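The figures that follow rest on heavy atoms only: side chains count, while hydrogens, waters and symmetry mates do not. Owing to the predicted nature of the structure, the values given are computational and were not obtained by experimental measurement. In what follows, chains carry the letters A, B, and so on, assigned in the order in which the sequence lines appear, proteins first and then strands, with residues in each chain numbered from 1.
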Amino acid sequence: MAKKTEDIAIVGYAQSPSYRQAELTEPQFLYPVISEALERAGVPRREIGFTCAGSCDYLSGQTFAFVMNLDAVGAWPPISESHVEMDGAWALYEAWVRLQHGDIDTALVFGSGKSSPGKPAEVFPLQMDPYTLTPLGADPVSLAALQARAMLDAGKITEDEMAEIAARSRKSAVNNPYAQVKGDDDPAVLLKEPYVTAPLRKHDLPPISDGASAVVLATTEKAKELTDHPVWIRGIDHRIDIHQPGMRDLTESPSTRLAGKNAGVKGKFDFAELSASFSHQEKLLCDELGLGKDVEINLSGGPLAANPVMAVGLTRFVEAARLIAEGGKKRGVAHATSGQALQQNLVAVLEAE
Amino acid sequence: MSSQPAAVIGIGQTKHKKRRDDVSLPGLVREAAQRALDDAELTWKDIDAVVLGKAPDPFEGVMMPELSMADALGANGKPMMRVHTAGSVGGSTALVATHLVQTGVHDRVLTVAYEKQAEGNAQWGLAGGRSGGMGAGGIFAPWMRSYIKQSGAPEDIGWKVAVKDRLNACKNPYAHLQLKDITIEAVKESPVIWDPIHFHESCPSSDGAVAMVLTNEKGAKKAPRKPAWVLATAMRSELGVFPGRNNVRPQAGVECAHMIYDQAGITNPREQIDMAELYVPFSWYEPMWLEGHDIAGPGEGWQMVADGSTEIDGSFPVNASGGVLSTNPIGASGMIRFAEAALQVRGEAGEHQVKDAHVALAQAYGGSAQYFAMWLVGDELDAVAKKK
Amino acid sequence: MAESQAADLNAPVVGMDYHMHVQYHEVLCPVMREFADALMDKRLIGHKCPQCGLIYSPPKGYCPICVVPTDKSHELELQQRGTVTNYTIVTPVQYHGQEETDRFAKASLQLDGGGTLSLQDLLEIPVDDVRIGLRVEAVWASDAERNVDEVTNRSWGIGESAIRGWQPTGEPDVPADELPTNVF
């Protein structure tokens, strides 16, 4: 994709802790997250040019659940606002597009979700083809297990590697105050655990989480005015693959590869924040994005440590921005996914000045 | 960084019906999308990105349906997005697609919206699965009563709108309701569902989809048929429930309209806009939006209905297509307004074509009348200037 | 999924019924728990925004207009008498799970001394007599029957299991022009 877009910067970011079961409602835990992101950006609520949210009715089991989340924004007097029934990372994409117009210079983006009220194995089959797959109860863990099995059979990963990824994620999460699953685990010990759904063990699975994250974006000129440490989105793209898992080679992710190419994923990277909800997916994503051993993956612990669905992809941007603005990193990849077995993928390249 | 012109070069709708048992969900959206592509004389390969919109997922019981519809919409390997802003979603979805073109991110974008109400239960969904659901009409009825009280409108205004839209629908082969014999008397005698709304003053429940292909100036010049140029776009939202909120004339609706007027250089909407497709699911919303969007002054909206101005051959036709009162696949209803406005300025509305439609306004609203999406389209990029 | 009529076994299958069942269990957030506890004590509480003074009942834990948090210190007890400011008379649509069969009224109330409630049930009055300006008072479920099982984090109303509804007080109506025009 020839570059004809302006660089947009992340100038504010925040996230809630990842809760196993939040006692607060979605707007109640969103509200401080949005406030913190705005404060960090130094942009008063009323001056935001565009607001975009990502959430999902079926997650919380309420029609029009996203309407309540407007409470957390302060949508009075009225605001220019939109909502995607997708992870907040796609809300970020919509806002990134909106800022390209040049008539406004800031945007607020947030993603939020409460997975705890429902059971993922009951809720997520509704995300599959309603005629052929929903009635079979095609759930995320079963589909991920099929994918992991295919990768194992193809020699693209080993169970040892999967356990190492899980152990490293948990260890990285020790330093992340927002993470839910953390600790110092020996991969060899993890491998002694029984399978949950073969070939996946508990450590290969993400936790069930409630949580939210928010990002403030600004145009080039505005970002320079607002902060000395803007985090530049140098490229961003998203792509979707065929839905029917039987029609895909589950050991590959062409949409990730293409989105990565269009976002400009090449050259040296310090780190990547990947929405790998299952351990084997980290390997798959690294392969598709061409990320080598020198790239530090999910320093936050990633989705294996905190998995607030509908926010987890946007949280990758929050973590990446934090590493660049506060952690001295120079260049990283942020990745979000939607659907099962990595059907849809969004990739962005983030850089320091 | 800039904004470039965008235009609609392809429009497709399904036949809207109570039930479309002949097609699956993907079949329904594909029918509309294929017609839009045919209209633009493009193929699936020509499309750079797909933007899908629909109302709440629980209406059909399919969570994030863009995932399972990607195959039917030829989205494999392309960017695909799913917008959801309650009842205004059809409009917002078209606007997200428009922005992708205006900013030069993509050259040709397919946007689709649908609802297949018969494959689920929207009333159940609206009630959150509980007993005692009031339906959308239950929420809006008190506000219509407030409008009637505040404006002093005679009670037959609602009946007149109901008859006008149903007779317009008889000129639109895609419209769901085809009530040739409807009369004021029939509307008046129909049961009161949500006082003061009669059965015939409410929208039906429909299965249907609509699609549009949007492109930039270069693409529009190559299009086989006349493009409809997007002259202005706006989305505006506000809190839906708080003490003291003006429900009759929501501020977000006022501001959304003025954002459109300001962008397009419109100072007198009634004179400079030729017609409108407004989201009117209950008859009283026609005068309410005419006033709520400052097309008519306070208390003058109902007078436009009374004197026939909003008839298809009146001075300011509203919902020549038959509107939401005749066709309501919820998630698509907003985009149908946008598509019908585009159809009119292209001069391709057939029997329900409004004469001399050069500039047309389309509007969609949702939630507790708190989400608004609008666009203004013209037959030329300088269509507004040419009118002066 | 689409329903099919199974009468003719030779007819082509165009659809099938598929009833999905998804169960959700959400814990009550702290402010709703306080609200529910108060209902059990036959008290109706709300939070008053320290900035704009608007009263929210049930409380939200914040004012969505000023975007400031509210807590126990902003709690106040509302009066259990008020005036109908607007209403809907609903003819129930028969969807799966709908238990209502007769027309019923839902009213917005302005409470004496401040505070508003929306979508309240009216009792002891024929639906056709419901009107703006009507004076009403709360009717509590008996101690034995009272519970807060219907209170959820998204409660708009109050739940018939605690306050059964509102009945006319018999006082003269409040003239419409003395009532606020925009109460929900």
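By the 6.0 Å contact criterion, CD on C/Glu124 is open, its count of non-hydrogen atoms from other residues, nucleotides or ligands being 12 or less. With a 6.0 Å radius and a threshold of 12 heavy atoms from other residues, nucleotides or ligands, B/Lys18 has its NZ atom at or below the threshold. More than 12 heavy-atom neighbours from other residues, nucleotides or ligands sit within 6.0 angstrom of OH on C/Tyr24.
Of the possible polar contacts, none joining the B/Asp195 side chain to the C/Ile89 backbone as a donor-acceptor pair under 3.5 Å is found. Between the side chain of B/Arg145 and the backbone N or O of C/Tyr87, at least one donor-acceptor pair lies under 3.5 Å.
Taken to the nearest 0.5 Å, the OG1 atom of C/Thr88 stands 7.0 Å off from the CD1 atom of B/Ile139. Taking CZ of B/Phe242 as the start and NZ of C/Lys60 as the end, the distance is 11.0 Å to the nearest 0.5 Å.
Neither the backbone nor the side chain of C/Pro92 comes within less than 4.5 Å of any heavy atom in chain B. Both the backbone and the side chain of C/Ile65 have a heavy atom closer than 4.5 Å to some heavy atom of chain B.
Contact between C/Asn86 and B/Pro142 at its shortest, heavy atoms only, is ND2-O, 2.9 Å.
Taking 4.5 Å as the limit, some side-chain heavy atom of C/Tyr56 sits within range of a side-chain heavy atom of B/Pro243.
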